[in-house]
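Everything numeric here is computed off the predicted structure, so don't read it as measured data. As the structure lists them, so they are numbered: ligands from 1, and atoms in each ligand from 1.
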Amino acid sequence: MTERVYNFYAGPATLPLPVLEQAQEEFLNYKGTGMSILEISHRSKDFEEVIFETEALMKELLGIGDEFEVLFLQGGASTQFFMVPMNFLTEENTADYILTGSWSEKALKEAEMMGKVHVAGSTKEDNYKYIPSMDQITLSENPVYVHITSNNTIFGTQWQQFPDFGDVPIVADMSSDMLSRPFDVSKFGLIYAGAQKNLGPSGVTVVLIRQDFLKKANDSLPTMLKYSTHVKKKSLYNTPPSFNIYIVNLVLKWIKSNGGLTAIERINKEKAGYIYEVIDNSGGFYRGHARKDSRSLMNVTFTMANADLEKTFVTEAAAKGLIGLKGHRSVGGLRASIYNAMPVEGCKALAEFMKEFQRKNG
Ligand SMILES: *Cc1c(COP(=O)(O)O)cnc(C)c1O
């Protein structure tokens with residue numbers, strides 16, 4: 001393969017080409033230092049510039065100020081599954097969880113080990129085909145937070161509008177749709193996202209914490225597991241994943257240069273639209289997994305009449321440079337992950353391939 005392919009893998013996922021090119025260009029000699037960014041001290045001025053600028057860019061793109069802290073941690077979103085309840089659950093309180101897929105189930109499982117939890121809503125009975133409506137959600141009496149998964153990477157559903165629980169802060173796993181659209185960040189007490197879908201490479205997890213929520217955090221925990229440690233030390237308590245943060249920095253600059261979140265959302269809608277349109281006009285040849293009102297703009301999931309046909313689809317698509325379309329093993333079928341960095345042309349190419357495949361096999 002001499003050309004780059006269209007990479008539809010769910011994560012680690014495709015990165016913007018200009019980001020990879022810039023990283024390549026600067027790789028051996030970062031800004032005239034004579035060293036790679038990989039070789040620079042995390043205490044150096046050069047690296048501090050990178051990490052603090054990344055934090056500022058994140059705030060700028062989300063339209064938030066000092067009421068939030070932006071952290072760069074390790075351990076993936078999966079570490080946040082237990083770090084959140086560890087920091088915020090006490091003997092007395094309860095945390096509410098809304099289940100919309102496998103990742104929310106995993107988050108709940110970890111929280112159950114830390115304290116009292118309440119499942120405030122779930123669409124598991126319907127194979128997580130949709131996001132529950134407000135009348136399907138019942139909160140416990142006074143939850144310390146309500147946990148949601150904004151985009152369900154495996155099932156291909158996404159909260160179209162975030163719920164409002166008044167004074168109860170929302171904690172959200174936004175691993176697979178962070179910075180894919182503008183939203184009102186003020187309702188959230190904490191947001192976390194493994195970077196490898198929409199923000200950069202694997203190995204760094206972005207965490208946003210609202211200051212008033214942080215005040216409620218438990219302080220008698222191991223140093224590395226306390227949010228307050230990382231807030232006080234600005235994510236530099238120990239050696240952070242410096243190269244990963246540098247790539248996130250370039251990705252955020254790329255988003256900004258593309259017009260920010262409003263522009264990105266418009267492009268994401270256009271991209272997903274090409275694929276959903278083919279599914280909807282296929283007369284049942286392609287069957288979308290998600291209910292229409294809950295469709296994800298990031299992960300398009302669908303099945304076909306049988307597994308053999310799906311296998312042929314994946315093989316023939318790969319031969320055309322459309323890679324990574326096999327669905328997650330828990331849902332089966334096919335999945336096209338089309339995060340921010342997937343170009344419009346990639347989605348158009350997939351839509352054309354789907355139409356052609358149906359003509360030949362329908
Ligand atoms: C991929 C993913 C995770 C797991 O992230 P890790 O960084 O691998 O721990 C969690 N939640 C969602 C929504 C995901 O898409």
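- Protein heavy atom closest to atom 15 (O) of ligand 1, with residue, atom name and distance, is T153 OG1, 2.4 Å.
- Between M298 and the choices I338, N152, N198, the side chain to side chain contact (heavy atoms under 4.5 Å, CB included) rule is met once, by N198.
- For atom 8 (O) of ligand 1, the closest non-hydrogen atom on the protein side is Q196 NE2, 3.3 Å.
- Counting only N and O atoms by type, the side chains of D177 and S296 include no donor and acceptor under 3.5 Å apart.
- A donor-acceptor pair under 3.5 Å links the side-chain atoms of N87 to the main chain of L225, judged by distance alone.
- Stacking of K197 on the aromatic ring of W103 is recorded, both the 6.0 Å distance cut-off and the 45° axial limit being met.
- Considering backbone and side-chain N/O atoms, A77 comes within less than 3.5 Å of an N/O atom of ligand 1.
- At least one N or O atom of D173 sits closer than 3.5 Å to an N or O atom of ligand 1.
- Checked against a 3.5 angstrom limit, the closest N/O atoms of K197 and ligand 1 fall inside it.
- Between E105 and K109 no salt bridge is recorded (no basic side-chain N to carboxylate O distance below 4.0 Å).
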Report task. Give the intermediate values and the outcome of salt bridge (charged side-chain N to carboxylate O under 4.0 Å, His left out) for residues D173 and K106. Result -> CA-CA 11 Å; D173 175 0; K106 286 190 170 145; over 6 Å; no

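- Counting non-hydrogen atoms of neighbouring residues, nucleotides and ligands closer than 6.0 angstrom, the OH atom of Y237 reaches no more than 12 such neighbours.
- Nearest non-hydrogen protein atom to atom 9 (O) of ligand 1 is S78 OG, 2.6 Å.
- Counting heavy atoms closer than 4.0 Å to ligand 1, residue F81 contributes side-chain atoms (C-beta onward) but none from N, CA, C or O.
- Remark: ligand 1 atoms within the under-4.0 Å shell around heavy atoms of G76 are 7 (O), 9 (O).
- Distances from ligand 1 to the non-hydrogen atoms of K106 include no value under 4.0 Å.
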